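Right, one structure below, let's go through it.
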Amino acid sequence: MATASPREVPTDQANDKRLKILEATMKRHQYRADALIEVLHKAQELYGHLTEDRLLAIAHSLHLPPSRVYGVATFYHFFSLTPQGEHSCTVCLGTACYVKGAMELLAALEAESGLRAGSTSADRKLSLLTARCLGACGIAPAVIVDGNVTGHADPEVMRARVRALLDEE
Amino acid sequence: MMEFQDLQIMAEQERTRRKAIRIHCCTSSGCQASGALELFHQLQAAVEAAGQNERVDIIGVGCMGFCGQGPMVSVEADGVLFEHVRPEQAPEIIASLDGGPCNVKQGDHAHPFFARQMHIVRRNGGVIDPERIEEYIAVGGYQALYHVLHEMSPAEVIDAITRSGLRGRGGAGYPTGLKWATVAKSPGERKFVICNGDEGDPGAFMDRSILESDPHLILEGMSIAAYAVGADQGYLYVRGEYPLAIARLQKAIAQARKHDLLGSQIFDTSFNFRVDIRVGAGAFVCGEETALIASIEGRRGQPRPRPPYPAEHGLWGYPTLINNVETFGNIAPIITNGADWYAGIGTERSKGTKVFALTGKVRNTGLIEVPMGMTIREIVEELGGGTPDGTPVKGVQTGGPSGGCIPEALFDTPVDYESLAEVGSIMGSGGMVVMDATTNMVEIARFYMEFCMDESCGKCIPCRTGTVQMYRLLSKISAGQATAADLATLEQLCHLLRETSLCGLGQSAPNPVQSTLRYFREEYERLLRKRVTINLTSR
Ligand SMILES: Cc1cc2nc3c(=O)[nH]c(=O)nc-3n(C[C@H](O)[C@H](O)[C@H](O)COP(=O)(O)O)c2cc1C
Ligand code: SF4
Ligand code: FES
Ligand code: FES
């Protein structure tokens, strides 16, 4: 249905299934400029983070100036331009969690992992992140480990989980 | 083509296929985090094992509101409510249907937490399976849309919404009917309807719960709005942090399309309406309407000056109606029950109910829907049950980073738009965080300022640099290193931001500081004095 031609793909990536999925997403949106955020979501979901090359390729496909694509990618917190750890642990620091001891929880996890909030371990095993409200305030404090929310999070239990992720082979 | 009769037939079929006993298992986010999915499967297995397949149905339902006590299970008809249910307790629950012993912790419907609520927007929450359109239709769903399309003119719909007194639930409380009327009369080749589901306030999860628990209610509300203002395309802008809400909405849209309740010539009329989802990417400021529009257009989510308002010049320059999730949730009930019914609920100037997320240092955390005008004291003490350990309550924070802290002394303030503004807070979207005597108010103010600093989009200078300066000053105060002059500077900055920022984020960023200064000034001053003491002793 779309008439815009797909971008030329470098041969080493030609068989990359993820690239095909990304292409399909752009095609579904008819390569419209306003689909940029949807496309970036997909790219991040597929690759874990957005590299400069990928942003350039997206700019090309959507007929947008690279500065616009880069500007959007850096504006939104969701998009990451650096690789993330294999696992992630996100501590909610929203108000409801904050008054229920989220800072102590974070301090415990920082101590256990040796990581500062917002950083990734050198072996790329784990990223320790923070968020401001996951919408799970009813069960505060909340922590997300690899996409799964834990409510009423206990510092000792979470410490053990983080340890296990770090020690994983 | 869907006709009124088809709706009724579907509803009837759905009702007859129901088994004698329906057991509701909450599978919304809060309970999922407490292990509800495993419980859901165990309940199904227990029914199977007990040979009760013919009689008992396990239904995955939306949020029951008592999320802090999840996973929640309830038995329809006899109204038994189970809390903190563990998967291994599933057989016990099934056996209890026939009088078997059951040690699962039971909730009490007569408890004020439930008894004092009034459900309009949340009436289907925890009662129907949000993933099946048939269940929504069985409780009368989409009949309001039919009624509107066949029996009311757009002007009559707007008139009904105006007379109901409904005001926007996204924070500012702008009269909904008036907004619809403006969009309806704005000239434009096309018009759009946008549902604001960005819900970025920390401590707020009402919209998430509504979207997860009853997605068709929102689609029906948006459709009625689209008919009233003359739009043919809608967007649902949902936070990226809400994957379950997004998945359920996608499903709901697909089902509505399949049954011709979205698409072309809905209910055999000339009304066409399509809805697409746009997923937010983690920028709080995108909840602001002009920033949200920029984001849907695929740009950086930065606000622009208003006027022109989106009602006249919105998405791609066309007249655009933008309302909050909960606002849309009130529409079908108003059409069904009439404007006068709605106008009879609440206070003089704030009509209907409001959904609040009651969290923090309170015994019963969760979602509540109460008539406007209930006092904060009733909410915190009766519904919320006070603090878990009996520590005195110090205050309650409403309205998130744009709101303020209300001290316990003012808890007899009724919740309505004007009263909350009078005491220096705002209704906001409905987050209510309870704080007890151990909560440090300066830290709370600092926390919100850090939030605003991080979320400032950087477009205008007062907000971009002012939030940084205020955050530094608050950190200095917090660390006991500030002087009275610093406090004075902080207060000046409050005025500056309020007066000169471009959008609501910067304009209201001082609110948490000003309200804590107003009611808990001694906490700030105590920290100032500390410096003097330290200096004297160290010399
Ligand atoms: C910084 C900022 C954030 C906002 N966030 C939201 C939000 O998350 N949800 C929402 O419905 N409205 C939010 N609003 C208000 C919207 O701009 C808009 O007024 C509202 O969506 C209109 O809907 P209503 O009339 O139904 O309340 C926000 C406003 C500002 C200034
Ligand atoms: S007030 Fe803040 S968030 Fe709003 S436009 Fe200005 S810089 Fe951006
Ligand atoms: S404040 Fe942590 S989930 Fe909402
Ligand atoms: S999420 Fe289950 S009761 Fe709220």
Side-chain angles (χ1 to χ4, degrees), chain A residues 28-29 32-42 44-45 58 62 64 67-80 90 92-103 118 129-145 147-153, chain B residues 29-34 63 65-68 70 199-205 207-209 239-243 245 278-284 286 295-302 316 357-361 365-367 397 400-401 431 433-436 439 443-444 447-448 451 454-455 457:
Chain A
R28 190 160 47 80
H29 287 285
R32 285 169 55 123
D34 58 84
L36 175 58
I37 294 172
E38 302 294 301
V39 173
L40 292 177
H41 266 301
K42 198 60 172 181
Q44 170 135 326
E45 178 192 320
I58 290 171
L62 301 183
L64 284 169
S67 62
R68 161 93 182 269
V69 175
Y70 189 79
V72 169
T74 50
F75 180 82
Y76 294 96
H77 303 314
F78 244 54
F79 302 129
S80 167
T90 308
C92 176
L93 298 183
T95 339
C97 293
Y98 183 82
V99 301
K100 286 282 191 90
M103 291 310 277
L129 308 167
T130 60
R132 289 228 183 69
C133 195
L134 310 165
C137 334
I139 49 172
V143 177
I144 301 190
V145 179
N148 299 313
V149 182
T150 300
H152 303 297
Chain B
S29 289
C31 289
Q32 275 202 18
S34 312
C63 176
F66 217 15
C67 322
E199 193 168 60
D201 286 6
F205 58 103
D207 295 347
R208 166 187 202 154
S209 166
R239 271 184 102 189
E241 286 88 340
Y242 290 179
R278 285 289 177 268
V279 177
F284 172 71
C286 284
S295 183
I296 293 182
E297 291 171 354
R299 296 184 286 116
R300 294 161 66 102
Q302 286 181 315
W316 293 297
L358 189 59
T359 62
K361 298 283 184 68
T365 59
L367 275 195
Q397 213 279 349
V433 188
V434 179
M435 305 183 173
D436 71 8
T439 313
E443 275 303 305
I444 294 291
F447 165 83
Y448 281 118
F451 182 91
D454 289 350
E455 297 298 334
C457 80

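Hydrogens, waters and symmetry mates play no part in the numbers below; they use all other heavy atoms, side chains included. If you're wondering where the values come from, they're calculated on a predicted model, not measured in any experiment. Each chain gets a letter, A, B and so on, in the order the sequences are listed, and its residues count up from 1.
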Q | When I37(A), T95(A), L36(A) are compared by non-hydrogen pairs under 4.5 Å with chain B, the top option | A | T95(A)
Q. Would a 4.5 Å heavy-atom cut-off, applied to side chains only, mark L367(B) and R208(B) as touching?
A. no
Q | Which atoms of C286(B) approach chain A - backbone, side chain, both or neither, heavy atom under 4.5 Å | A | side chain
(Q) Would you compute the distance between atom CD of E38(A) and atom CZ of R28(A) and round it to the nearest 0.5 angstrom? (A) 8.0 Å
Q | Distance in Å, Q44(A) CD paired with F78(A) CZ, rounded so as to fall on 0.5 Å steps | A | 8.0 Å
(Q) Heavy-atom cut-off 4.5 Å, strictly under: side chain, backbone, both or neither for F284(B) against chain A? (A) neither
Q.
When you compare the side chain of V149(A) with that of S29(B), does any pair of heavy atoms fall below 4.5 Å?
A. no
(Q) Among C67(B), A283(B), G203(B), which residue has the highest count of heavy-atom pairs closer than 4.5 Å to chain A? (A) G203(B)
Q. How many angstroms lie between atom OG of S67(A) and atom CG of L64(A), to the nearest 0.5 angstrom?
A. 9.0 Å
Q: Could you check which of G282(B), A281(B), G70(B), G400(B) has the highest count of heavy-atom pairs closer than 4.5 Å to chain A?
A: A281(B)
Q.
What's the separation between atom OG1 in T359(B) and atom NZ in K100(A), rounded to the nearest 0.5 Å?
A. 8.0 Å
(Q) Let's test your reading of the structure: which of R300(B), E297(B), Q32(B) forms the most heavy-atom pairs below 4.5 Å with chain A? (A) R300(B)
**Q.** R239(B), part contacting chain A, at a heavy-atom distance under 4.5 Å
**A.** side chain
**Q.** Atom group of S209(B) that falls short of 4.5 Å from chain A, counting heavy atoms
**A.** neither
(Q) What's the separation between atom SG in C92(A) and atom CG in L129(A), rounded to the nearest 0.5 Å? (A) 12.5 Å
Q. By a 4.5 Å heavy-atom criterion (distance strictly below it), what part of A204(B) contacts chain A: side chain, backbone, both, or neither?
A. backbone
Q.
For the CG atom of D201(B) and the CZ atom of F451(B), what is their distance to the nearest 0.5 Å?
A. 7.0 Å
Q) If you count heavy-atom pairs under 4.5 Å between each of G280(B), S295(B), A357(B), C31(B) and chain A, which one has the most? A) S295(B)
Q) Non-hydrogen atoms of chain A under 4.5 Å away: do they reach the side chain of F66(B), the backbone, both or neither? A) neither
Q: Find the one option among K361(B), R299(B), E241(B), M435(B) whose heavy-atom pairs under 4.5 Å with chain A are most numerous.
A: R299(B)
Q: Mind listing the closest non-hydrogen atom pair of L62(A) and R32(A) along with its distance?
A: CD2-O, 4.0 Å
Q. Side chain, backbone, both or neither: which part of V433(B) has a heavy atom under 4.5 Å from chain A?
A. side chain
Q. Heavy-atom distance under 4.5 Å between the side chains of C457(B) and F75(A), does that happen here?
A. yes
Q | Part of D454(B) lying under 4.5 Å from any heavy atom of chain A | A | both
Q | chain A contact via E199(B) - which portion, at a heavy-atom distance below 4.5 Å | A | neither
